[in-house]
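Below: the structure, in structure tokens.
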Amino acid sequence: MSGPVQVLVIGFEAPSFSGEVLAELTRLRERGVVRLVDVLLVERGDDGTFEILDPPPGSDPDLGNIAAQVLGGGGEADGDVPAGETWSLADAVPPGGVAAVALLEHLWAEPLLAAIGRAGGRPLGELWLPAGEPPG
């Protein structure tokens, strides 16, 4: 079994790939919190089209392949998505924007999901509130 995988889209105005974010993800992986499955860098043109950017120098040349497959050709997530709950990369990245699309496996959730399953339950949905937004 594995933890749930989150698609996280991070926008950049002036990307600086210093390695600081990857170092933090490594630290979180070592603590058993999250694992970076893949990351894809994209740029959205003013006309709305997307271009996949090359990985930063020194990165794995296959970086972004899994994320590109998950997003599919049009940037829409694949899988069992109930009607009315589709998602598109175009919803997140404005024209003229640059973004990193990260797939993060939430390792901390694996034991919780196993316990839910043993109790006869199953997740029916989820919603992530953006940081800084109070509930209610």
What is the minimum heavy-atom distance between L113 and P123, and which atoms define it? CD2-CG, 3.7 Å
Is L25 reachable from L107 through a run of hydrophobic residues whose side-chain heavy atoms are each under 4.5 Å from the next? no
How many angstroms lie between CG in L41 and CD in E51, if you round to the nearest 0.5 Å? 11.5 Å
Which heavy atom of G3 sits nearest a heavy atom of E105, and at what distance? N-OE2, 3.1 Å
Side chains of L40 and I52: closer than 4.5 Å at any heavy-atom pair? yes
Show me the donor-acceptor pairs within less than 3.5 Å that the side chains of residues 54-66 make with the rest of the protein, sequence neighbours left out.
residue : atom : partner : partner atom : Å
S59     : OG   : P56     : O            : 2.9
D60     : OD1  : D62     : N            : 2.8
N65     : ND2  : D62     : O            : 3.4

Do V98 and L53 come close enough that some side-chain heavy atom pair is under 4.5 Å? yes
Working to the nearest 0.5 angstrom, can you tell me the gap between L103 CG and Q69 CD? 10.5 Å
Hydrophobic clusters here meaning ILVMFWY residues chained together by side-chain heavy-atom distances under 4.5 Å, can you tell me if L36 and L8 are in one? yes
Is the shortest heavy-atom distance from the side chain of V34 to the side chain of Q6 under 4.5 Å? no
Test of understanding: with salt bridge (Lys or Arg N to Asp or Glu O under 4.0 Å), list the residues that count as partners of E43, not counting sequence neighbours. none
Is any NZ, NE, NH1 or NH2 atom of the basic residue among R27 and E30 found under 4.0 Å from an Asp or Glu carboxylate oxygen of the other? no
Would a distance-only check, ignoring hydrogens and angles, find a side-chain to backbone donor-acceptor pair under 3.5 Å from T49 to G45? no
Partners of V93 by side-chain contact (heavy atoms from CB on, under 4.5 Å), sequence neighbours excluded? V9, R44, F50, L89, A99
Starting from L112, can I reach L104 by hopping between I/L/V/M/F/W/Y residues whose side chains sit under 4.5 Å apart? yes
